[in-house]
Chemist: 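I am attaching a structure below and will ask some questions about it afterwards.
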Amino acid sequence: MKKLQALLIAVLCFMSISIFAQQKPDTTFEPAKAYKKHYNALYILNEAEDKKIKGILRNINNVLSDPRLIGKLKIEVLAFSDGVEMYKKANSYQKLLVALKDKGVVFVQCSKTMEERKIDKNELFDFVNYVPTGNGEIILRQYEGWAIVHP
């Protein structure tokens, strides 16, 4: 009886391996579809490098033109730590930021960063909003179901 069980198990294993080996991998690809009526995305910036800042702003422009998401996407851009540089009037990002603001993008700054670096709100663009902490905003938005993007 034990020999018969062992033989049966061996045959089943061999058949399973044969069937698996004959299967062709599915190489077709379909992009994700936007089934929901509305999507929320939180973009995070905590760096001051010009290339990084321009890159995140370019990424946001790109996603706003994605035909799957046009008219369905709410974007919040959260800056904290070194990311505060993007919102400073002394820097050259106003034109890029205003163009995105006009498309409905909301810009948010961590107040804790402002306090620690002794930055006055008058140093930042008037359209910037404030949250108590950047990390708190990330946590709360994630639990609200927002996509968290940190390019």
Side-chain angles (χ1 to χ4, degrees), residues 12-151:
L12 289 173
C13 287
F14 177 75
M15 288 176 59
S16 296
I17 292 170
S18 296
I19 290 169
F20 182 74
Q22 291 174 10
Q23 291 179 345
K24 293 182 181 176
D26 184 9
T27 58
T28 59
F29 171 77
E30 273 195 51
K33 293 181 178 22
Y35 294 110
K36 292 183 173 186
K37 291 181 181 180
H38 188 78
Y39 296 87
N40 297 316
L42 175 66
Y43 280 76
I44 300 169
L45 178 67
N46 61 346
E47 298 176 46
E49 183 184 337
D50 182 66
K51 183 177 179 180
K52 188 70 167 186
I53 292 171
K54 287 182 178 171
I56 195 172
L57 298 176
R58 185 178 55 256
N59 287 343
I60 293 167
N61 267 310
N62 290 344
V63 76
L64 287 170
S65 68
D66 186 320
R68 299 169 296 176
L69 295 170
I70 291 176
K72 296 182 174 187
L73 185 58
K74 178 179 180 179
I75 295 178
E76 178 181 318
V77 181
L78 169 66
F80 63 96
S81 187
D82 291 343
V84 69
E85 293 300 319
M86 179 173 67
Y87 296 148
K88 286 186 175 179
K89 293 176 185 175
N91 291 323
S92 61
Y93 304 109
Q94 183 173 5
K95 185 177 177 182
L96 297 169
L97 295 170
V98 168
L100 287 172
K101 180 184 79 67
D102 290 346
K103 294 178 182 179
V105 175
V106 175
F107 295 100
V108 179
Q109 172 59 46
C110 168
S111 293
K112 198 67 164 166
T113 296
M114 304 281 291
E115 177 187 321
E116 289 171 355
R117 296 177 184 218
K118 298 179 180 24
I119 299 170
D120 190 85
K121 288 182 179 181
N122 292 327
E123 295 178 52
L124 305 188
F125 298 115
D126 295 338
F127 53 82
V128 173
N129 300 283
Y130 299 90
V131 293
T133 66
N135 284 289
E137 187 73 356
I138 294 166
I139 292 165
L140 295 170
R141 291 295 190 204
Q142 176 141 10
Y143 276 90
E144 290 176 353
W146 287 52
I148 307 298
V149 184
H150 192 208

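In what follows, every heavy atom counts, from backbone to side chain, and hydrogens, waters and symmetry copies are set aside. Just so it is clear, the model here is predicted, and its values are computed rather than measured. Here, residue 1 is the first one in the sequence, and each next residue gets the next number.
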Chemist: What distance separates L73 CG from N40 CG, expressed to the nearest 0.5 Å?
Modeler: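 Result: 7.5 Å between the selected atoms.
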Chemist: Between CD of E85 and NZ of K52, what distance do you get to the nearest 0.5 Å?
Modeler: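 Result: 16.0 Å between the selected atoms.
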Chemist: Scan residues 26-49 for pairs that pass ring-ring contact (aromatic ring centres under 6.0 Å, His included), counting only residues two or more places apart or in two chains.
Modeler: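 Listed by first then second residue: nothing to list.
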Chemist: Can you name the closest pair of heavy atoms from R68 and A32 and give their distance?
Modeler: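 Smallest heavy-atom distance, with atoms named: NH1-O, 2.9 Å.
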Chemist: What's the shortest heavy-atom distance between V128 and Y87, and which atoms?
Modeler: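 Closest approach of V128 to Y87, heavy atoms only: CG2-CG, 3.7 Å.
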Chemist: Side chains of I44 and F80: closer than 4.5 Å at any heavy-atom pair?
Modeler: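 Of all side-chain heavy-atom pairs linking F80 with I44, at least one is under 4.5 Å.
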Chemist: Under 3.5 Å, which donor-acceptor pairs do the side chains of residues 95-110 form with other protein atoms, sequence neighbours left out?
Modeler:
residue	atom	partner	partner atom	Å
K103	NZ	N61	OD1	2.8
Q109	NE2	A79	O	3.4

Chemist: Are L124 and Y130 close enough that some pair of their side-chain heavy atoms sits under 4.5 Å apart?
Modeler: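 Touching, per the 4.5 Å side-chain cut-off.
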Chemist: How long is the straight-line distance from CD of Q94 back to CG of D126, given to the nearest 0.5 Å?
Modeler: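 Taking CG in D126 and CD in Q94, the distance rounds to 9.0 Å.
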Chemist: Answer whether the closest heavy-atom distance between the side chains of M86 and V77 falls below 4.5 Å.
Modeler: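 Yes, side chains in contact.
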Chemist: Report, as yes or no, whether the 6.0 Å neighbourhood of atom NZ on K88 holds more than 12 heavy atoms from other residues, nucleotides or ligands.
Modeler: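 Enclosed.
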Chemist: Just how far is it from atom CG of L45 to atom CG of L78, taken to the nearest 0.5 Å?
Modeler: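 Output value for this atom pair is 8.5 Å.
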Chemist: Are the side chain of E137 and the backbone N or O of G134 linked by a donor-acceptor pair below 3.5 Å?
Modeler: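 Side chain of E137 to backbone of G134: no pair is present.
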Chemist: Count the heavy atoms belonging to other residues, nucleotides or ligands that lie under 6.0 Å from CG of N129, then report whether that count exceeds 12.
Modeler: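 Count over threshold, so yes.
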Chemist: So, are D66 and K72 salt-bridged, with charged N and O less than 4.0 Å apart?
Modeler: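 No salt bridge links D66 with K72.
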Chemist: Around K89, counting heavy atoms of other residues, nucleotides and ligands shown, do more than 12 lie under 6.0 Å from its NZ?
Modeler: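 Enclosed: over 12 neighbouring heavy atoms sit under 6.0 Å from NZ of K89.
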Chemist: Quick check: closest heavy atoms across Y93 and D50, and the distance to 0.1 Å?
Modeler: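 Scanning both residues completely, I find the closest heavy atoms to be OH-OD1, 2.7 Å.
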Chemist: Would you check if S81 and K112 make a side-chain contact, meaning some heavy-atom pair closer than 4.5 Å?
Modeler: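 Side-chain contact under 4.5 Å: no.
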Chemist: Indicate the atoms forming the closest heavy-atom contact of V63 with L69, along with that distance.
Modeler: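 Minimum heavy-atom separation between V63 and L69: CG2-CD1, 3.7 Å.
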Chemist: Nearest 0.5 Å please: distance from the CD atom of E47 over to the CD1 atom of I53.
Modeler: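 So the CD of E47 and the CD1 of I53 are separated by 9.0 Å.
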Chemist: Looking at CG of N62 and CG of N59, how far apart are the two atoms once the value is rounded to the nearest 0.5 Å?
Modeler: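 Here the interatomic distance stands at 6.0 Å.
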